[in-house]
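Every heavy atom of this structure was used, including side-chain atoms; hydrogens, water molecules and symmetry mates were not.
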Amino acid sequence: MQNQVIEDVVESIAQSVGRGLSLEDPDGVLLAYSSHQTSADRVRVNFLLSKKVPPDVNEWQLRHGIAQAVRAVAVPANEELGMLGRICVPLLVRGFRVGYLWVQQRSGEDPAAGILASLAAVRPSIDRLAELLLETDSASSERRTQREAAFLAACRGAAPAVEELRGWRELGAHGPWRVAVVHEVSDGGGQARPDATSDAEDPHELALLHRTVALQATVGVVPVLFSAGASAFSVLLCAPGIGRSALQEVLDRYGAQVAKRAGRAAGRLVVGLSEPAPDVRDLATAFVQAQHAVQAAVVDPGLGEVTAYAGIGVYQFLGALGWQAPRHGSVHFGELSEAERVDELLPVLELLYDKNGSVQDVAAQLHLHRSSVYNRLARVRSIIGVDPLAGSVRLELHLALKANRWRRRPRFEQT
């Protein structure tokens, strides 16, 4: 069995370094430990009995940077906790954190430098241990990988995958279902943010991260029936009645899991929710709707972190048309863009349209005096030669403003 192999590797490393070892997952749950007990301190004994790192010990360990570490870290002794010094070896596979290997010092006189030096000789075994943990991770198991691939294929309309899903326990006897897409926004507000710990974006690493994070973030969230991950997003199969609070909980947990697994703070997270899909064949349409909702939320933060397709307004049309929004689609918008120098006019105009013409609301949100809003409206009127609040002109400019945002949406792979 895989667990026995893991235990054997831990025992082998312990014999090589001559010290007690313990192996834990990223959540601090005990996975294996060595039989070497000559210097077990109170923390080690309690950990082996409880199988879980206690909060005070966890806080001490995190204070020394283990969650972000990519190399072995020396965690000093803590007399108050009854804890000898130890070395934390983060276990990573292609930048993905699968656990921690702990090497306890024999005493206060046992230098950490000696342990750190000894780790070089057992590096192949440590790497092997990390690979074993990755293989046993539920998101990385062969069966899970195949099921996620089938689900994503069905969401993209592949007929064989659609038929395969009909027999899934998660779907129940019949629909409807909803599809949700979770996306992490880059610092620039567009494409998916790559792992900040890696020098280059690797789509396979990102897909593995999104698969695992989605799985962990939705455990126990009853309305989420299944999850899968791709390089730019995670996809959730949801019950039709899933609410905003459940999706917000998923986002909160998703962010915590990104920090834990990737060793960095999560960027802005958004989730888009489709309309109900009555049949498995309709999951492809629902998937597209969820993607459009996410894209709209990325380019228009006013829509919020949790965005339903029905609530994205004109972006429904822009998404359905696949519109690339040519720069000169509107003469009046082109005139304003040419005259705009410091983002004074267009933001005020768009917000005024969004706020149904309420100058007071616009002034409050932009921290301007109402007279400043009126002055800018007057400048707009002088540039385009017509009233920007008049019916057809207002419709033209409001659409042009939203189309301009839509041009900056993240593009998701379709294969």
Side-chain angles (χ1 to χ4, degrees), residues 3 6-7 9-92 96-123 125-126 129-130 132-133 136-137 197 216 219 252-253 255-266:
N3 289 344
I6 290 174
E7 291 173 2
V9 174
V10 169
E11 194 67 48
S12 172
I13 298 173
Q15 293 297 325
S16 297
V17 300
R19 292 169 176 83
L21 267 61
S22 59
L23 177 67
E24 65 186 53
D25 71 12
D27 292 313
V29 175
L30 179 66
L31 299 176
Y33 61 93
S34 69
S35 59
H36 196 291
Q37 298 288 340
T38 58
S39 58
D41 58 15
R42 188 168 79 237
V43 166
R44 177 175 170 83
V45 171
N46 290 339
F47 178 49
L48 299 186
L49 291 173
S50 67
K51 315 297 186 187
K52 175 74 175 177
V53 177
D56 54 352
V57 175
N58 186 54
E59 191 277 333
W60 177 253
Q61 295 172 167
L62 291 175
R63 190 185 303 177
H64 292 87
I66 68 167
Q68 292 78 37
V70 295
R71 297 180 179 85
V73 175
V75 177
N78 187 315
E79 291 184 7
E80 184 177 343
L81 296 174
M83 176 179 176
L84 291 170
R86 58 237 304 126
I87 302 298
C88 173
V89 183
L91 301 176
L92 300 101
F96 179 69
R97 195 173 305 266
V98 294
Y100 300 98
L101 182 66
W102 290 90
V103 186
Q104 184 185 301
Q105 295 170 241
R106 297 193 189 100
S107 67
E109 285 69 43
D110 186 12
I115 299 176
L116 290 169
S118 70
L119 293 176
V122 293
R123 173 49 61 183
S125 295
I126 292 174
L129 185 59
L132 289 169
L133 288 181
T136 59
D137 186 278
T197 63
Q216 296 297 326
V219 171
D252 293 342
R253 293 170 61 177
Q257 286 293 324
V258 167
K260 181 180 297 183
R261 302 285 176 168
R264 60 169 174 80

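- Checked by atom type and distance alone, the side chain of Ser34 pairs as donor or acceptor with a backbone atom of Leu21 at under 3.5 Å.
- Two residues are said to be in side-chain contact when any heavy atoms from C-beta on lie closer than 4.5 Å; Phe47 and Glu24 meet this criterion.
- Distance check, rounded to the nearest 0.5 Å: CG of Asp110 to CD1 of Ile115 gives 4.5 Å.
- The minimum heavy-atom distance between Leu92 and Ala69, with the atom names listed, is CD1-O, 4.3 Å.
- The backbone N or O of Gln68 sits nowhere less than 3.5 Å from a side-chain atom of Arg264 that would complete a donor-acceptor pair.
- Residue Arg63 qualifies as enclosed at atom CZ: its count of foreign heavy atoms under 6.0 Å is above 12.
- The heavy-atom pair separating Leu31 from Leu133 by the smallest distance is CD1-CD2, 3.7 Å.
- The distance from the CG atom of Leu119 to the CZ atom of Arg71 is 13.5 Å, given to the nearest 0.5 Å.
- Shortest non-hydrogen contact noted between Val98 and Ala130 is CG2-O, 3.7 Å.
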query = Does the side chain to side chain contact (heavy atoms under 4.5 Å, CB included) test come out yes or no for Val10 and Leu129, once each step is laid out?
reply = CA-CA 8 Å; Val10 169; Leu129 185 59; 4.1 Å; yes
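- Within the model, atoms CD1 of Ile13 and CD1 of Ile126 stand 5.0 Å from one another, a figure rounded to the nearest 0.5 Å.
- Of the inter-residue distances, the one linking Glu11 atom CD with Ser125 atom OG reads 12.5 Å to the nearest 0.5 angstrom.
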(request) Evaluate the criterion side chain to side chain contact (heavy atoms under 4.5 Å, CB included) for residue pair Gln104 and Val43; output intermediate values, then yes/no. (result) CA-CA 10 Å; Gln104 184 185 301; Val43 166; over 6 Å; no
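- The main-chain N or O of Ala67 is found under 3.5 Å from a side-chain atom of Arg97 such that the two form a donor-acceptor pair.
- Heavy atoms only, all atoms of each residue included: Tyr100 and Asp25 are closest at CD1-O, 4.1 Å.
- With a 4.5 Å cut-off on side-chain heavy atoms, Asn78 and Asp56 do not count as touching.
- Relative ring orientation between His64 and Trp60 is described as perpendicular, the plane-to-plane angle rising above 60° on a 0-90° scale split at 30° and 60°.
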Query - Residue pair Arg19, Arg106: steps toward the side chain to side chain contact (heavy atoms under 4.5 Å, CB included) verdict - result: CA-CA 7 Å; Arg19 292 169 176 83; Arg106 297 193 189 100; 3.4 Å; yes
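- Rounding to the nearest 0.5 angstrom, the gap separating the CD atom in Glu79 from the CG atom in Asp41 is 12.0 Å.
- The minimum heavy-atom distance between Ala72 and Leu116, with the atom names listed, is CB-CD2, 3.6 Å.
- The heavy-atom pair separating Ser22 from Leu30 by the smallest distance is CB-CD1, 4.3 Å.
- Here the side chains of Gln61 and Val73 are not in contact, with every heavy-atom distance at 4.5 Å or above.
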Problem - Criterion side chain to side chain contact (heavy atoms under 4.5 Å, CB included) on Val89 and Arg123, from CA distance to verdict - result: CA-CA 10 Å; Val89 183; Arg123 173 49 61 183; 4.3 Å; yes
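- We find the CZ-CZ distance between Arg86 and Arg44 to be 8.0 Å, quoted to the nearest 0.5 Å.
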